[in-house]
Each structure stands twice: as structure tokens, then as C-alpha cells.
Amino acid sequence: MTTRLFASPLFLGFDHLEQMLERASKTSSDGYPPYNIEQISPVGLRITLAVAGFTMDDLQLTQEDNQLVIRGRQTDDTQDRVFLHRGIAARQFQRAFVLAEGIEVKGAWLDNGLLHIDLARPMPDPKVKTIPITRPAAGGTKVREVINAKMVETEPE
């Protein structure tokens, strides 16, 4: 059973945040591959994963809803080789990052065993909206109903 973080009636419409936090908590705790996350500008982020031994064909980068998923799968090319010691294993991995609403993946590249993924977090425009408070009409009280997220005024019966 999970504990609701936004159980207060003052938090309206935060169900998706709870779902994202739950998804993030289910991600693998395996430390492979190691990664860095850095802020490269006021709106830019970069994820760097250490993927030594992987080629571009071995890596797959997908965005599934608000989740960035990196998968790595190396092919086993050791059939005709005899190892005296094998400390470097051909290992597959999956690393997932939950992205906030509005974050965009701008690009990715592989350089010297490091996979770099650039993200952009656009700064939202501040929104201020004044909502008028109206008086009832002289002939009777108008009733306001919300239908399909649109405000519709109706006369009382």
C-alpha cells in the first residue's frame, strides 16, 4: 500500500506527480552504468553515462511519456577468443530518468565511451489571470455550470 503525498484537499490535480514519483522509486537501484547530471545553462541539462565498450548500434534512447529510457546491449563477439582473465563483461543495462513536464530531449552523442544527452527545461511564462466577481442579474439569479471544462451560463428554471 502506498502513502499518498498529496492527500490534502488543497492539492488539486497533482495525481500525475504522485504517479511520476512512484515510477521513479521503481527504477533499478543498480549503479550501472554510472552517470552524471549537470546544469550546462539556465535552461539546459546534460546527462552523461559511462558506456565504455558500447557502440552507437549497441545503444537505444527512447522517450516513453515522461520517462527517458536508455538501453544498452552488447553483442558477444568472444566465440573464437580464449581469455586468461575476463574482467570486462558484455553487459546489458537499462537506465530510466523521469522527466518533468515540458523538458525536451535536444540531442545525444557518443564520445570516448561517454553517452551525452542534452535536455532543455524551458522557463515557463508567469501566468496571472484576474477572475471577475459578478453580481446576479436583476431578473433572477444566473447559475454557472462547468461543462467539459467550459464556463456556460444558464437561467434558473
Side-chain angles (χ1 to χ4, degrees), residues 1-133 146-152:
M1 182 173 173
T2 59
T3 303
R4 296 206 53 205
L5 296 174
F6 300 102
S8 170
L10 300 176
F11 293 114
L12 301 175
F14 284 90
D15 297 341
H16 68 286
L17 286 177
E18 283 186 320
Q19 291 171 353
M20 285 185 356
L21 290 171
E22 188 174 318
R23 187 184 306 165
S25 69
K26 290 181 181 178
T27 59
S28 172
S29 61
D30 181 18
Y32 183 78
Y35 63 92
N36 292 337
I37 301 175
E38 60 183 305
Q39 184 149 5
I40 56 174
S41 73
V43 296
L45 301 170
R46 178 172 294 149
I47 300 171
T48 302
L49 287 91
V51 292
F54 287 84
T55 65
M56 286 191 295
D57 294 332
D58 297 333
L59 298 168
Q60 180 185 26
L61 183 66
T62 57
Q63 185 173 353
E64 302 166 7
D65 294 325
N66 285 357
Q67 192 167 18
L68 177 65
V69 181
I70 302 107
R71 293 179 180 92
R73 181 178 303 228
Q74 290 179 317
T75 55
D76 189 15
D77 62 351
T78 61
Q79 296 154 349
D80 297 331
R81 298 164 66 185
V82 177
F83 290 95
L84 299 178
H85 171 75
R86 185 163 183 185
I88 303 171
R91 183 173 177 184
Q92 63 182 350
F93 70 88
Q94 177 173 313
R95 171 74 65 189
F97 298 91
V98 178
L99 304 177
E101 196 71 35
I103 289 190
E104 302 171 8
V105 179
K106 290 298 188 182
W109 72 96
L110 187 62
D111 181 38
N112 293 326
L114 297 174
L115 175 64
H116 303 280
I117 304 162
D118 280 349
L119 308 170
R121 177 179 46 192
M123 297 303 258
D125 295 329
K127 295 179 183 177
V128 177
K129 180 180 175 181
T130 303
I131 300 154
I133 302 172
V146 177
I147 301 173
N148 292 334
K150 294 180 183 176
M151 199 64 125
V152 177

For the student: nearest non-hydrogen atoms of Gln39 and Leu45, plus distance: CA-CD2, 4.1 Å
Which atom pair, heavy atoms only, marks the closest approach of Leu68 to Val105? CD1-CG2, 4.0 Å
From Ile37 CD1 over to Thr48 OG1, what is the distance, rounded to the nearest 0.5 angstrom? 9.5 Å
Is the Tyr32 ring parallel, tilted or perpendicular to the Phe54 ring (thresholds 30°, 60°)? tilted
Side chains of Leu59 and Phe93: closer than 4.5 Å at any heavy-atom pair? yes
Atom of Ala50, atom of Leu114 and distance for their closest heavy-atom approach: CA-CD2, 3.8 Å
For the residue pair Ala96 and Gln67, what are the closest heavy atoms and their distance? CB-NE2, 3.3 Å
For the student: nearest non-hydrogen atoms of Glu104 and Pro122, plus distance: OE2-CG, 4.3 Å
Atom pair CG (Asp65) and CD (Glu101), whose distance is rounded to the nearest 0.5 Å: 10.0 Å
Reported CZ-to-CD distance for the pair Arg73 and Gln92, which is rounded to 0.5 angstrom: 4.5 Å
So, for Ile117 and Ala108, which heavy atoms are closest and what is the spacing to 0.1 Å? CG1-CB, 4.1 Å
Distance (rounded to the nearest 0.5 Å) between Gln74 CD and Asp58 CG: 5.5 Å
Close side-chain approach of Leu115 and Tyr35, heavy atoms under 4.5 Å: no
As an exercise, state the distance from NZ of Lys106 to CZ of Arg46, rounded to the nearest 0.5 Å. 14.0 Å
Look up atom OG1 in Thr62 and atom CD in Gln94, then write down how far apart they are to the nearest 0.5 Å. 8.0 Å
Any side-chain heavy atom of Ile47 sitting closer than 4.5 Å to one from Arg95? no
